[in-house]
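Only one structure is covered here, and it is reproduced in the block below.
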2 protein chains.
Amino acid sequence: MASQRGEGETTTTPAEPADRERARAIPEAAVARLAVYLRVLSGMADQGVTAVSSEELSQAAGVNAAKLRKDLSYIGSYGTRGVGYDVEVLVSHIERILGLTRNHSVAVVGIGNLGHALANYGGFPGRGFPVTALFDVDEDLVGIPVGGIPVSHIDDITAVCLEREVSIGVIATPPPAAQSVCDRLVSAGVQCILNFAPVVLQVPDNVEVRKVDLAVEMQILSFHVARRADEAASVSVGNNGLGVDGMVIRP
Amino acid sequence: MASQRGEGETTTTPAEPADRERARAIPEAAVARLAVYLRVLSGMADQGVTAVSSEELSQAAGVNAAKLRKDLSYIGSYGTRGVGYDVEVLVSHIERILGLTRNHSVAVVGIGNLGHALANYGGFPGRGFPVTALFDVDEDLVGIPVGGIPVSHIDDITAVCLEREVSIGVIATPPPAAQSVCDRLVSAGVQCILNFAPVVLQVPDNVEVRKVDLAVEMQILSFHVARRADEAASVSVGNNGLGVDGMVIRP
DNA sequence: CCGACTTTGTGCATGCGTTCACAAGCGGTA
DNA sequence: TACCGCTTGTGAACGCATGCACAAAGTCGG
């Protein structure tokens with residue numbers, strides 16, 4: 001399940017003038033970077049910068065200059081050879097491609113520590129994502145405003161989501177509740193979900209899920225710590241094939 | 001800056017018995033999945049499951065079975081053909097590879113909404129990551145315990161990090177403070193950083209940074225919403241090359 | 001002890017993403 | 001107007017990751 005991509009039918013249209021077709025072809029990784037470029041560019045615009053070269057922008061975004069140019073080429077050719085890019089122009093084109101010309105109503109489910117933090121972000125960093133609904137199972141929380149929005153009961157999720165045209169659902173519940181909440185969001189017509197619960201969600205093919213997993217992030221860092229320690233050990237001690245694992249702490 | 005990989009010297013050692021050399025070869029993407037497998041396996045162990053096949057485990061983890069076996073092959077051959085994997089054995093081997101046999105002391109910098117949430121996670125999901133230090137600039141917060149740990153002032157970051165042997169630093173400050181905090185963490189000897197601030201951090205090559213960027217995640221979802229809307233429009237209306245962007249809401 | 005069945009481990013092909021390198025194109029200058 | 005230098009945009013090569021398909025290796029039943 002979850003094959004993500006649509007089937008064949010790629011070479012059916014002979015010539016594409018619209019960038020709608022283009023959008024389909026942008027690699028996921030490039031989309032993530034476009035969002036970063038957008039933030040950097042917005043910061044530059046705020047400081048009165050009007051033009052920027054791929055070299056400058058790529059350094060500020062922490063990527064290779066060639067990669068940046070290729071990423072921008074996915075959304076069209078909006079630079080001037082010999083000069084660079086107009087900041088304003090680039091900003092508005094990236095916003096258009098990312099769909100930020102339209103507001104996306106966000107619902108946060110699970111008003112614990114994390115849910116509070118998310119609700120209080122207030123329209124999410126980089127605006128365009130107004131939080132319009134909060135949900136929790138706890139009756140005591142219902143009606144209490146968090147970040148300006150009163151908490152609704154989770155049983156009302158379908159009605160409220162439809163009414164407020166929620167397009168993105170954020171799951172910040174404990175792990176056991178996550179799948180159930182997800183199912184309810186999906187049946188309420190939400191097609192994009194951001195999941196903070198450490199659970200692998202099962203969803204229909206037409207729903208997009210992105211996962212933010214603190215534990216996984218920490219463990220990836222842990223892996224690098226261990227790798228470093230091992231390398232240091234094998235350099236200073238030499239390759240005896242045993243190393244620091246001699247003092248294993250069994251879990 | 002930030003070339004990530006070490007230089008050549010790969011084929012210098014003729015035969016490698018140690019899995020230290022193996023660790024270096026594990027693809028980053030596979031490491032992330034190993035962490036997921038570990039969580040699923042831990043859950044199974046808690047439910048008394050003792051053996052599992054690659055098919056079952058891969059379904060629970062939401063990945064392809066072949067990919068799972070390849071991932072596991074990176075850390076060695078610990079399955080039994082015709083039977084499957086012993087859950088306990090697999091858990092302990094993944095923990096060893098990820099460096100979870102040792103505790104990693106965590107410091108959280110920036111005790112705002114998010115910092116509070118992180119501190120209250122209490123040792124982070126999936127244990128092994130005790131939060132041992134909290135920092136903030138706000139004098140009023142200093143000394144107040146959050147999640148059982150009293151907040152220290154950020155000026156004491158070097159001393160406290162060294163004393164408590166912090167190996168992972170978590171940045172949950174406002175964007176403008178992030179780079180400065182990062183620099184201080186690095187000079188305190190912290191080599192792994194988890195960054196929640198929407199800023200591209202500049203670090204020396206020996207420091208590993210992972211980024212969790214809410215805005216980027218939202219914008220990626222936004223992109224998919226837009227793509228869907230476009231596809232729906234082009235199916236129902238036809239390819240007129242204009243579509244929903246007719247009603248642009250300028251930011 | 002042997003044969004049939006099951007599941008792992010992996011060589012190989014495929015596809016995606018990154019990087020290189022250079023031609024095309026534009027502004028400035030004489 | 002014609003040339004020069006600079007920067008973009010992209011074709012092509014490379015490398016990594018994914019998925020397939022099968023041999024190797026083990027268990028179980030007779």
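Here is how names work: the chains are called A, B, and so on, in the same order as the sequence lines, proteins then strands, and each is numbered from 1.
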Please, which pairs that meet salt bridge (charged side-chain N to carboxylate O under 4.0 Å, His left out) have at least one residue in residues 43-66 of chain B, sequence neighbours excluded? none

Side chain of B:Arg69 only, please: which of C:dT10, C:dT18, D:dT8 is the nearest? C:dT10

OH of A:Tyr74 versus P of D:dG11: gap in Å, rounded? 11 Å

C:dG9 phosphate, OP1 or OP2: any side-chain N/O from B:Tyr85 under 4.0 angstrom? yes

Roughly how many Å is it from CD in A:Glu55 to P in D:dG9, rounded to a whole number? 15 Å

Could you tell me whether the side chain of A:Asn64 and the main chain of A:Leu68 form a donor-acceptor pair under 3.5 Å? no

Residue B:Ala66, side-chain atoms from C-beta onward, closest of C:dT19, D:dT8, D:dA21: D:dA21

N/O-N/O pairs, protein side and nucleotides 25-29 of chain C side, under 3.5 Å:
none

Would you say A:Asn206 and A:Val186 make side-chain contact, with heavy atoms under 4.5 Å? no

Please write out each protein N/O paired with an N/O of nucleotides 11-13 of chain C under 3.5 Å, distance rounded to 0.1 Å.
from, atom 1, to, atom 2, distance (Å)
C:dG11, O6, B:Lys70, NZ, 3.4
C:dC12, N4, B:Lys70, NZ, 3.4

Which residues pass the side chain to side chain donor-acceptor pair (under 3.5 Å) test with B:Ser222, sequence neighbours left out? A:His104

From the set D:dG19, C:dG9, D:dT8, return the single nucleotide nearest to any side-chain atom of B:Lys67. D:dG19

Map A:Asp71 and B:Val52 onto DNA chain C by nearest heavy atom, then report which one ends up closer to the 5' terminus. B:Val52

Give the nucleotide from the list D:dA17, C:dT18, D:dC20 with an atom nearest to the side chain of A:Arg33. C:dT18

Under the side chain to side chain donor-acceptor pair (under 3.5 Å) test, which residues partner A:Ser105, sequence neighbours left out? A:Thr132

Salt bridge (Lys or Arg N to Asp or Glu O under 4.0 Å) against B:Glu217, all qualifying residues, sequence neighbours excluded: A:Arg210

Residue list, side-chain contact (heavy atoms from CB on, under 4.5 Å) with B:Ala30, at least two apart or on another chain: B:Ile26, B:Pro27, B:Arg33, B:Asp71, B:Tyr74

Which pairs would a plain distance check flag for residues 82-89 of chain B, meaning a side-chain donor or acceptor within less than 3.5 Å of a matching protein atom at least two apart in sequence or in another chain?
from, atom 1, to, atom 2, distance (Å)
B:Asp86, OD1, B:Glu88, N, 3.0
B:Asp86, OD1, B:Val89, N, 3.0

Salt bridge (Lys or Arg N to Asp or Glu O under 4.0 Å) with A:Arg69: which residues, sequence neighbours excluded? none

Partners meeting ring pair (Phe, Tyr, Trp, His ring centres under 6.0 Å) with A:His224 (sequence neighbours left out): none

Only distances under 3.5 Å count here; give the side-chain donor-acceptor pairs of residues 174-183 of chain B to other protein atoms, sequence neighbours excluded, each with its distance to 0.1 Å.
from, atom 1, to, atom 2, distance (Å)
B:Gln179, OE1, B:Gln202, N, 2.9
B:Gln179, NE2, B:Asp183, OD1, 2.9
B:Gln179, NE2, B:Gln202, O, 3.1

Could you state the atom-to-atom distance from CD1 of B:Ile75 to P of C:dT10 in whole Å? 12 Å

Tell me whether the OP1 or OP2 atom of D:dA17 has a side-chain N or O from B:Asn64 closer than 4.0 Å. no

Quantified as the angle between the terminal helix axes (five pairs each), what is the overall bend of the helix from C:dC1-D:dG30 to C:dA30-D:dT1 to 10 degrees? 0°

Rounded to the nearest angstrom, tell me the gap between atom CG in A:Leu72 and atom P in D:dG9. 7 Å

